[in-house]
Amino acid sequence: CSSSGASTASRSVQTATPVAAPTTIPTATALGPPALAPLGGVWLESVALDDGSDAFVSIPVGATTARPIVVAIHGAVDRPDWACSEWRGATDGYAFIVCPRGSAYGQAFVWTSIAELERQAVASVAAVRAKFGAHVAAGPAIFASFSQGSELGPYVVARHADLFPVIALDEGGYATTAGTFGATFAHAGGKRALLTCSTAGCEHRFDPTSLAAHVDTRVSKLGAFGHTMDARALAALHEEWKWLVRDDPRWSAWLNP
């Protein structure tokens, strides 16, 4: 309706000119990718790896579009299911978050070597793609880690930057991200690094000068929470994640809900 106050009788009437029907049907590319059937299941499942072991995976239940992968690496005396829950919280359950496990240590797990972590991280990406098919977006994964996972992670991503060009290291990696890591990571395909922490004075333990000379780098003190991924740390990581994926079209729906 009009807010001009003009009477209906004073308006001229125009006859619509017929428009010829299109001779071609728009392609699926022009319309965007077709919607997928909603992804079923429960939020936390297991996925078999090619060496006979398995990993936990947090799935984006109900997703009708292809979603990216985050590989979440636990710390020492930590658990992969906890890692999945934590990084799921930081990213609102938007992505596939696959969480490989180290070697058993009582009721928890530790990484006994760089080779163990490397093998599990790489195999986890392939396993998620094999199990969830079209629901997994094309392109590389994000490597996210805590504590011991962040200490060992740089050695892994430096060798597999084509698979993990974007990394988020929390509460670790202070020394391993310095020196020649930046040049090696960038040469192999590395693009971006988010370095976060929440213990006293931790932000000063990072030396990002060399890393920042080669890849997009951000150092952030999440808060004075201690060596933890509690709800406060996850809320702060949620905000930092926006910087990490800001130009990745696979995350645009999460960035702009």
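These figures come from a predicted structure and were not determined experimentally. Side chains are part of it too, since the values below use all heavy atoms of this structure and drop only hydrogens, waters and symmetry mates. Sequence positions, counted from 1, serve as the residue numbers for this chain.
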- Message: Give me the atom names and distance for the closest heavy-atom approach of A183 to H214.
- Response: N-CD2, 3.5 Å
- Please collect all side-chain hydrogen bond (donor to acceptor under 3.5 Å, both in side chains) contacts where either partner lies in residues 38-49, sequence neighbours excluded, each pair once. E45-K131
- Message: Just to verify, which of I142, L163, I97, V128 counts as forming a side-chain contact (heavy atoms from CB on, under 4.5 Å) with I69?
- Response: V128
- Around atom CZ of F225, are there more than 12 heavy atoms of other residues, nucleotides or ligands at under 6.0 Å? yes
- Task: Applying side-chain contact (heavy atoms from CB on, under 4.5 Å) between V71 and each of V156, V157, V125, report the one that passes.
- Result: V125
- Message: Test: side-chain hydrogen bond (donor to acceptor under 3.5 Å, both in side chains). Region: residues 159-169. Which pairs qualify, not counting sequence neighbours?
- Response: E118-R159, E118-H160
- Just by modelled atom types, is the T196 backbone N or O under 3.5 Å from a matching donor or acceptor in the S220 side chain? no
- Name the orientation class of the two ring planes belonging to F185 and F181 (parallel below 30°, tilted from 30 to 60°, perpendicular beyond 60°). parallel
- Message: Show the nearest heavy-atom pair for residues C197 and F206, with the distance to one decimal.
- Response: SG-CE1, 4.0 Å
- Task: Scan residues 204-257 for pairs that pass disulfide (SG to SG under 2.5 Å), counting only residues two or more places apart or in two chains.
- Result: none
- In one Ile/Leu/Val/Met/Phe/Trp/Tyr side-chain cluster, 4.5 Å: F164, V136: yes
- Check step by step if side chain to side chain contact (heavy atoms under 4.5 Å, CB included) holds for S150 and Y174. CA-CA 9 Å; S150 296; Y174 303 108; over 6 Å; no
- Item | Interatomic spacing from CD1 in I73 to CZ in F146 - rounded to 0.5 Å | 13.5 Å
- Task: Using the side chain to side chain contact (heavy atoms under 4.5 Å, CB included) rule, take L244 and W251 through it: C-alpha gap first, then chi angles, then the decisive distance, then the call.
- Result: CA-CA 10 Å; L244 192 71; W251 288 86; over 6 Å; no
- Checking W254 side chain against T91 main chain: does a donor-acceptor pair fall under 3.5 Å? yes
- S198 backbone acceptor or donor facing E171 side chain under 3.5 Å: yes
- Message: Would you compute the distance between atom OG of S85 and atom CG of L234 and round it to the nearest 0.5 angstrom?
- Response: 8.0 Å
- Output yes when a side-chain donor or acceptor of H135 lies under 3.5 Å from a complementary backbone atom of A37, and no otherwise. yes
- Item | R67 side chain to R250 backbone, donor-acceptor under 3.5 Å | no
- Message: Just verifying a value: how many Å separate E240 CD and L194 CG, rounded to the nearest 0.5 Å?
- Response: 5.5 Å
- Item | Steps toward ring-ring contact (aromatic ring centres under 6.0 Å, His included) verdict (W87, H74) | CA-CA 10 Å; W87 291 100; H74 64 73; over 10 Å; no
- Message: Tell me whether H238 at atom NE2 has more than 12 heavy atoms from other residues, nucleotides or ligands lying less than 6.0 Å away.
- Response: yes
- Task: Kindly give the heavy-atom pair with the smallest separation between R79 and A108, and that separation in Å.
- Result: CG-CA, 4.2 Å
- Hey, could you give me the CZ/CD1 distance between R192 and I167, rounded to the nearest 0.5 Å? 12.0 Å
- Separation between CD of E86 and CG of D230, rounded to the nearest 0.5 Å: 9.5 Å
- Query: salt bridge (charged side-chain N to carboxylate O under 4.0 Å, His left out): which pairs involve residues 98-114, sequence neighbours left out?
  - Reply: D54-R101
- State plainly whether one hydrophobic cluster holds both V47 and F109, where clusters connect Ile, Leu, Val, Met, Phe, Trp and Tyr through side-chain heavy atoms under 4.5 angstrom apart. no
- Checking side chain to side chain contact (heavy atoms under 4.5 Å, CB included) for the pair L44/C84: CA distance, chi angles, key distance, verdict? CA-CA 8 Å; L44 187 65; C84 270; 3.8 Å; yes
- Task: Indicate yes or no: at least one non-hydrogen side-chain atom of D78 is less than 4.5 angstrom from one of S147.
- Result: no
- Query: Do we see a donor-acceptor contact under 3.5 Å between the side chains of S103 and E116?
  - Reply: yes
- Query: When clusters are formed by joining ILVMFWY residues with side-chain heavy atoms under 4.5 Å apart, either directly or through shared neighbours, do V166 and L195 land in the same one?
  - Reply: no
- Shortest non-hydrogen contact between T228 and D170, atoms and distance: O-OD2, 4.3 Å
- Query: Quick one: CG on L36 to CZ on F132, what's the gap to the nearest 0.5 Å?
  - Reply: 13.5 Å
- Query: Is F143 linked to L152 within one hydrophobic cluster, defined over Ile, Leu, Val, Met, Phe, Trp and Tyr using a side-chain heavy-atom separation of less than 4.5 Å?
  - Reply: yes
- Item | R119 and D51: CA distance, side-chain angles, deciding distance, side chain to side chain contact (heavy atoms under 4.5 Å, CB included) verdict | CA-CA 9 Å; R119 181 176 63 252; D51 64 355; 3.8 Å; yes
- Item | Test: D248 and K191 ion pair at under 4.0 Å | no
- Query: Which salt bridge (charged side-chain N to carboxylate O under 4.0 Å, His left out) pairs, counting each pair once, include a residue from residues 199-214, with sequence neighbours left out?
  - Reply: E203-K221
- Query: Taking all non-hydrogen atoms of both residues, which atom of T199 and which atom of G226 are closest, and how far apart?
  - Reply: CG2-C, 3.4 Å
- Nearest heavy-atom neighbours spanning G182 and L211: CA-CD1, 3.7 Å
- Could you state whether L117 and V122 fall into the same hydrophobic cluster, counting links through intermediate Ile, Leu, Val, Met, Phe, Trp or Tyr residues with side-chain heavy atoms under 4.5 angstrom apart? yes
- Pick one: which of P100, C99, S124 meets side-chain contact (heavy atoms from CB on, under 4.5 Å) with P80? C99
- Message: For V110, is there any backbone N or O sitting under 3.5 Å from a side-chain donor or acceptor partner on Q148?
- Response: no
- With sequence neighbours left out, what residues match R129 under salt bridge (charged side-chain N to carboxylate O under 4.0 Å, His left out)? none
